[in-house]
> 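Here it is: the structure, laid out below.
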Number of protein chains: 2
Amino acid sequence: MGYAHVMRDEVDDLSEAWAHERPDLDLGPVEIFSRLSRLSRHLDLARRDAFSGSGIESWEFDVLAALRRAGDPYELSPGRLLRETLVTSGTMTNRVDRLASRGLVERLPDPADRRGVLVRLTPDGKATVDSAFEALLAAEREFLDGLSGDQQSQLTDLLRRLLVPFSS
Amino acid sequence: MGYAHVMRDEVDDLSEAWAHERPDLDLGPVEIFSRLSRLSRHLDLARRDAFSGSGIESWEFDVLAALRRAGDPYELSPGRLLRETLVTSGTMTNRVDRLASRGLVERLPDPADRRGVLVRLTPDGKATVDSAFEALLAAEREFLDGLSGDQQSQLTDLLRRLLVPFSS
DNA sequence: TCGGAATATCTTGACATCAAGAGAAATCGA
DNA sequence: TCGATTTCTCTTGATGTCAAGATATTCCGA
């Protein structure tokens, strides 16, 4: 049966308050989307802690991880990187500048398109992102403690259903 | 049976790439937390669109909504507001400044504590947040189209389990 | 082949956020 | 009652992000 009937989170308070003030509205979406956005906020903060041991920040990990999982030779264009990380082009220019000045990536001319460049992970960048990824996984695993394997699969499936419309 | 076996989202690509590069790691957490964080990012962007009709931005809604659901007389301290919205005190000072200059809230001295102030929703602020909230609910409801009522309840329950540890 | 439209990246200026700390008032133990 | 600690809000300076636009190159239809 589980403990659903005794568990109470911050969104229960929030939606109860809304229900009191606006009993005329259907607050269904609040139950899901407020939890999603608050969870994401809490997890961002926890992620920052997890990365502090590896000496990088979350935005750095996002870029390095995209390059890392692209596989050898760990190269992607800035355009591809910004689509993977959902930021604007100005932001990505700035991120690559800072990562390059730290020696974690380097810019190369794209041999196939003279407008373009390629961003490549350096050996230093690869070691950094590998260590950060392991720390992140370890931290995240703790947050899944309260969920059985079945529940984790269910949650994955439900989140995928929500995400599909956004995945072009 | 549903369509789980044919649905594929952007995180399926991402985790497949990781599995290829790091077959030594247990990537379970990625399936859930990457989806949470990417969903949250997409939803933030959608929220911005939903609010543009009401003439406010997401950060303004967050503050106005906290005051609105507090109920008459729609007053909270800055400290309470920053705990509800998970931002720092400097951010909240800045937010209240800008909302006050737009006439949506006003600052009052706290009669019970001379260090403190109270932030109160103006009638204009109340009308604004009520209209924005209805627009938000309408937009969010569309994203839930792909989930049955049962699935929405399941998702709510699973998200609550993840959120409880963060809800002090 | 040529010109317009699309694409790729970078630049600029404004702005929201944060971390750290300052100042004022309240609280609590001795 | 007094002093130390805590609480509450605001200030400051640095920084990351965005929107809009500039520049260079490629693509594509006529």
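Chain A is the first sequence line, chain B the second, and so forth, proteins listed ahead of strands; every chain is numbered from 1. Every value quoted in this text rests on a predicted model; they were computed, and no experiment measured them.
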> Ignoring backbone atoms, establish whether B:Arg95 has a side-chain N or O less than 4.0 Å from OP1 or OP2 of C:dT17.
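Yes, because at least one side-chain N or O of B:Arg95 sits under 4.0 Å from OP1 or OP2 of C:dT17.
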
> Assess the side chains of B:Thr91 and B:Thr88: does a donor N or O sit below 3.5 Å from an acceptor N or O?
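Checked: B:Thr91/B:Thr88 side chains pair up, N/O donor to acceptor below 3.5 Å.
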
> Without decimals, in angstroms, what is the distance between A:Leu81 CG and C:dT9 P?
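In whole Å, C:dT9 P and A:Leu81 CG are 9 Å from each other.
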
> What is the distance, rounded to the nearest whole Å, between atom CE of B:Met92 and atom P of C:dC18?
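It is 9 Å, rounded to the nearest whole Å.
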
> Measure from the side chain of A:Thr93, starting at C-beta and using heavy atoms only, and say which of C:dT11, C:dC18, C:dA16 lies closest.
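Of the candidates, C:dT11 comes closest.
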
> Answer whether the closest heavy-atom distance between the side chains of A:Val30 and B:Phe133 falls below 4.5 Å.
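Touching, per the 4.5 Å side-chain cut-off.
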
> Round to the nearest Å and state the distance from A:Leu118 atom CG to C:dC10 atom P.
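So the CG-P distance, A:Leu118 to C:dC10, works out to 11 Å.
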
> By the 4.0 Å heavy-atom rule, please label B:Gly90 as base, sugar-phosphate, or nothing.
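B:Gly90: base contact, heavy atoms under 4.0 Å.
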
> Check the distance between C:dT17's P and B:Leu82's CG and give it to me in whole angstrom.
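Computing the B:Leu82:CG to C:dT17:P distance gives 13 Å.
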
> Take B:Arg8 and B:Glu16, measure what salt bridge (charged side-chain N to carboxylate O under 4.0 Å, His left out) needs, and give me the verdict at the end.
CA-CA 11 Å; B:Arg8 188 172 180 83; B:Glu16 198 173 284; 3.0 Å; yes

> Over all strands shown, is A:Gly79 touching base, sugar-phosphate only, or nothing at heavy-atom distances under 4.0 angstrom?
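Sugar-phosphate contact only.
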
> With sequence neighbours left out, write down each residue that passes side chain to side chain donor-acceptor pair (under 3.5 Å) with B:Arg35, or none if nothing qualifies.
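Applying side chain to side chain donor-acceptor pair (under 3.5 Å) to B:Arg35 gives B:Asp9, B:Asp12, B:Glu31.
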
> Using the rule that Ile, Leu, Val, Met, Phe, Trp and Tyr join whenever any side-chain heavy atoms are under 4.5 Å apart, tell me whether A:Phe61 and B:Leu27 fall into a single cluster.
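Cluster IDs for A:Phe61 and B:Leu27 match.
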
> Could you tell me how far apart A:Asp113 (CG) and C:dA6 (P) are, to the nearest whole angstrom?
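From A:Asp113 CG to C:dA6 P: 17 Å.
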
> Quick one about B:Ser37 and B:Ser40 (side-chain donor to acceptor, distance below 3.5 Å, no hydrogens or angles considered), yes or no?
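Result is no, nothing qualifies.
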
> With DNA chain D as reference, determine whether A:Arg114 or A:Thr91 sits nearer its 5' end, using the nearest nucleotide of each.
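Nearest nucleotide further toward 5': that of A:Thr91.
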
> Can you check the A:Asn94 CG to C:dG13 P distance for me, whole Å?
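For the pair A:Asn94 CG and C:dG13 P, the rounded distance is 15 Å.
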
> Centre of A:Trp59's six-membered ring, under 6.0 Å away, within 45 degrees of the axis: is that where NZ or CZ of A:Arg98 sits?
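Geometry flag: set, cation within 6.0 Å and 45°.
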
> What is the first contacted nucleotide of DNA chain D and what is the last, in 5' to 3' order, if contact means an atom lying under 4.0 angstrom from a heavy atom of chain B?
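Endpoints of the contacted stretch of DNA chain D: D:dT7 to D:dA19.
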
> Closer to the 5' end of DNA chain C via nearest nucleotide, is it A:Arg48 or A:Arg80?
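Closer to the 5' end of DNA chain C: A:Arg80.
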
> More 5' along DNA chain C: A:Ser77 or A:Leu45, using each one's nearest nucleotide?
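Result of the comparison: A:Ser77.
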
> Figure out the CD/P separation between B:Glu57 and C:dA16, and round it to whole Å.
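In whole Å, C:dA16 P and B:Glu57 CD are 7 Å from each other.
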
> Taking OP1 and OP2 of C:dA16, is either one under 4.0 Å from a side-chain nitrogen or oxygen of B:Arg98?
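True: B:Arg98 side-chain N/O within range (under 4.0 Å) of C:dA16 OP1/OP2.
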
